[in-house]
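As the structure is a prediction and not an experimental result, all values here were calculated from the model. Chain naming here is simple, since letters A, B, ... match the order of the sequence lines and numbering starts at 1 in each.
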There are 2 protein chains.
Amino acid sequence: MIKCVKCNEVDAIAKAGIVRGKQRYHCEHCDYYFTLPLVDAAAEKTPTRKHQTTIIDIARTLQVSKSTVSRALRGHADINPQTRQAILELAKELDYQPNLLAYGLAKNVSLTIGIIVPEFINSFFPYVIIGAQEIANPRGYHILICQSNESHAIEIENTKVLMASRVDGILASLTGETPDVEHFRKFEKAGIPVVYFNRVCDNVNASKVIVDDYEGAFKGVEHLIENGCSKIAHIAGPPNLMISKNRLQGYVNALKKHNLTVDESLIVRTNLTTKSATDCARHLFSMADRPDAVFCLNDPAAISAMLVAKELKIKIPDDVAFVGFSDEPAAALMEPGLTTLAQPTNEIGKTAIGLLFDQMNASRETFEHVTKILQTKLIVRKSSLHGVTKI
Amino acid sequence: MIKCVKCNEVDAIAKAGIVRGKQRYHCEHCDYYFTLPLVDAAAEKTPTRKHQTTIIDIARTLQVSKSTVSRALRGHADINPQTRQAILELAKELDYQPNLLAYGLAKNVSLTIGIIVPEFINSFFPYVIIGAQEIANPRGYHILICQSNESHAIEIENTKVLMASRVDGILASLTGETPDVEHFRKFEKAGIPVVYFNRVCDNVNASKVIVDDYEGAFKGVEHLIENGCSKIAHIAGPPNLMISKNRLQGYVNALKKHNLTVDESLIVRTNLTTKSATDCARHLFSMADRPDAVFCLNDPAAISAMLVAKELKIKIPDDVAFVGFSDEPAAALMEPGLTTLAQPTNEIGKTAIGLLFDQMNASRETFEHVTKILQTKLIVRKSSLHGVTKI
DNA sequence: ACCGGTTCCGAAAGCGTTCCCGATAGATCA
DNA sequence: TGATCTATCGGGAACGCTTTCGGAACCGGT
């Protein structure tokens, strides 16, 4: 029980910070400040964390300087092979793991790559991340995954975290809300390279890895037309993303090529949430003159739409055919299987982090941003075979 | 062009390390070592990374000491409100982000939690991770995800990385290969808490978060029996994992309760890969007296098995009924839908990291490990309704 | 015997924080 | 009018590592 040294009050004592290792109190009764030693400091703060072996521990037991230990561990020249051997052996015996925090502080690196994705529930981003890890891990880098949850605000928060973590480079795929990449400017200023993949804005001066969305969409829609669909709707994505624009353009041009009219009322936009995609589908299927096919921005949207169709007892593909984008594993499991455009997910991850490493190693002046465009592949399943059963 | 200072050779010059800021060369022609200053050091090493604002920058422009800046930023007492105000404003203006490496080094923490999962392609682990993040992020912690890829060797490697990163705590779900948790001992020695979830070994002295696997399996198998199945096979998991044992036991006891014989030949083991699960299914369906139901360790295995059944034109659920475990989103999309036992994934993540934080804040002596057992829920879909269409 | 060169190593600065201590000026009290 | 307190701040060590620099010991050649 703490008593006020002035008025002996015990109930109106509030803590007022810790100063010079002593607890400062404030008696709200007589408005008097006073300090008392932290007798139970050990009980309050429990430094349960123990010491982990450091370079200095090794140096001491081997009677050498820490410089020498560092040299041995880092494989530098300028060291006697026997000394090195002894140090390496002791390090192994003690299971020494260098403190990456200290290493990073000294070298001004962190050996981590930040990666910002909108979500990782669907398989697309996990596969990309795995591809990136397969390149990064052997090089001694690890990956800090941030999830923006399709929220621009969280994405901004993520950039701050990655900035504070002093990541050496960033892979980013934007949310459907992200209007610009202002919040990434700080990385540019700090000389930290950013490579965008999959979800990119236009007018961004950075390296990018995308797939040929235009051509993929074109192939997908043309495939629907060839299967006898003539009234093809499109569930498009948010207008800020290039994938939305390019896939929409592919859709439009495929229609035009085959002399089908482009009906604006058949183009609806999802904000990439399940609910939004479901709403889009409901809207399309409630139209008086229902479309006979839907080309969807991505597989999750297509799956949501197919579920709506099933619920409404609309036959797939006889009444409405579907084509998605990405070849999620679930696309193959649906009944009927969802026709979709496969993306080389693993290669996207590898290519993106490859570009990132290129930029990290390049000198700022000579480096030129590049955009790599990978190819999609049409995977035909039953969902799109509109004419087959009809004929 | 580098010339040998002895023989003037230019083509046989090899670099031999950098010593005292000078490049050391070796002429392989006359076997002579020599050093030359690094005239183009700037061009070779491109320190493209720029300076990021530090506490010292703020201190200098405001003519105060770095201690004062630190105090202001950390919200300590012992500082003039006006001084604090000025510092906070300048920090915001400069978009100051504290260097977490330096912070961690000074405080002997890293503000990161390591999480080791066998994979994150299926949705189970991503959902758990998201649950963990929802607790960790608001507390200022971020999460370093390591993927063991169902490999014990990689899992060991992961523990080293997390050790080097000086994570403050660990969430782990073991691989199907992991025989023991020896490689986690070092965390215990270092006073870094580990909480296991989902995939745990027995004889581990640590906090754990699991679901009631026994009861879930029991419910699932009993459900099959109630639907008229009498020859129920089980695709079990690796014997090292508790989930395998408990789900197997639930399967066995459900059979016993209903006076069904436990046929060892109907119990096959998957190593948790798709291929292995597929092989298991093929084996079961090639038996002379084919089972009329399969209870599978988890949904990915169940889905693989269902695909084999479909390929063999075995009708689901009329010929063979299925029950899985986990309620993967794909389970609902299959045709017929996969009956399964839903796990509270988000809650698992939240509970696990909650236990972790408890242990991080507790004093070593008083802390007691706890095991939290969460409940499963049977989600009935068509895959298990064996008797319904038969009758 | 001297000298240039090589080999190996230790000392020390620095990375950006935190935090403990001591210092100072002003306020308050007896 | 000292003496004690208070409010505020600066100095500097420490965290574990890298890296530069200088120096001692030793080598072979003249």
Side-chain angles (χ1 to χ4, degrees), chain A residues 5-6 16-22 24 26 32-35 38 41 45 49 51-59 62-84 87 96-111 164 166, chain B residues 5-6 16-22 24 26 32-35 38 41 45 49 51-59 62-84 87 96-111 164 166:
Chain A
V5 299
K6 191 171 179 184
I18 294 179
V19 176
R20 297 180 57 185
K22 283 156 198 158
R24 187 128 173 280
H26 177 221
Y32 185 69
Y33 281 92
F34 59 97
T35 59
L38 269 174
K45 283 273 168 190
R49 189 77 158 269
H51 178 78
Q52 290 172 248
T53 53
T54 72
I55 218 177
I56 298 182
D57 299 327
I58 297 179
L62 253 40
Q63 302 277 22
V64 294
S65 76
K66 56 179 181 171
S67 322
T68 305
V69 178
S70 175
R71 266 189 293 261
L73 261 19
R74 290 288 137 210
H76 275 237
D78 251 26
I79 188 167
N80 186 317
Q82 281 140 41
T83 316
R84 189 214 319 269
I87 292 171
Y96 166 79
Q97 296 294 337
N99 185 327
L100 287 184
L101 299 173
Y103 176 89
L105 185 59
K107 297 262 288 185
N108 193 27
V109 298
S110 63
L111 296 183
R166 298 297 193 267
Chain B
V5 298
K6 190 171 177 186
I18 294 181
V19 178
R20 296 179 56 186
K22 283 156 198 159
R24 188 131 172 279
H26 177 222
Y32 185 69
Y33 281 92
F34 60 97
T35 60
L38 269 173
K45 284 270 167 191
R49 189 76 159 268
H51 179 78
Q52 288 171 247
T53 54
T54 72
I55 218 176
I56 299 183
D57 299 328
I58 296 179
L62 252 41
Q63 302 277 21
V64 295
S65 78
K66 54 181 181 167
S67 319
T68 306
V69 178
S70 176
R71 266 189 293 261
L73 261 19
R74 288 289 137 207
H76 276 239
D78 248 26
I79 186 167
N80 186 316
Q82 280 137 43
T83 316
R84 188 212 322 268
I87 291 171
Y96 166 80
Q97 296 295 336
N99 185 328
L100 288 184
L101 299 173
Y103 176 88
L105 185 59
K107 297 265 285 186
N108 193 27
V109 298
S110 64
L111 295 184
R166 297 297 191 268

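Helix bend of the helix from C:dA1-D:dT30 to C:dA30-D:dT1: the angle between its two end axes, each built from five pairs, comes to 60° after rounding to 10°.
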Let me see the working for B:His51 and B:Asp57 under side-chain contact (heavy atoms from CB on, under 4.5 Å), right down to the final yes or no. CA-CA 10 Å; B:His51 179 78; B:Asp57 299 328; 2.9 Å; yes
Quick one: do B:Val69 and B:Val64 satisfy side-chain contact (heavy atoms from CB on, under 4.5 Å)? Show the steps, please. CA-CA 7 Å; B:Val69 178; B:Val64 295; 3.8 Å; yes
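At a cut-off of 3.5 angstrom, the base of D:dC9 holds no donor-acceptor pair with the side chain of B:Asn80.
In this structure, the separation between CD on A:Gln97 and OG1 on A:Thr53 is 8.0 Å, given to the nearest 0.5 Å. One finds the CG atom of B:Asn99 at 9.0 Å from the OG1 atom of B:Thr54 (value rounded to the nearest 0.5 Å). In this structure, CD on A:Gln63 lies 12.0 Å from OG1 on A:Thr68, to the nearest 0.5 angstrom.
Rounded to a whole Å, the CZ atom of B:Arg84 is 12 Å from the C1' atom of D:dT8. Distance B:Leu111 CG to C:dT17 P: 13 Å, rounded to the nearest Å. Note: CD (B:Gln82) to P (D:dA7) measures 15 Å, nearest angstrom.
Between A:Ser65 and C:dC9, a side-chain N or O to OP1/OP2 separation shorter than 4.0 Å is absent. Here A:Thr83 does not reach the OP1 or OP2 of C:dC8: none of its side-chain N or O atoms lies under 4.0 Å away.
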Dump the pairs, protein N or O against N or O of nucleotides 12-16 of chain D, anything under 3.5 Å, distances to one decimal.
from	atom 1	to	atom 2	distance (Å)
D:dG12	O6	B:Ser67	OG	3.1
D:dC15	O2	B:Ala106	N	3.4
D:dG16	N2	A:Ala102	O	3.4

Report all side-chain donor-acceptor pairs from residues 101-109 of chain B shorter than 3.5 Å, counting only partners two or more places apart or in another chain.
none

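Contacts of B:Arg71 with the nucleic acid, taken as non-hydrogen atoms under 4.0 Å apart, include base atoms.
A:Ser70 and A:Ser67 share no donor-acceptor pair across their side chains, judged by distance under 3.5 Å alone.
Within the 4.5 Å cutoff, side-chain heavy atoms of B:Leu73 are placed close to those of B:Ile55.
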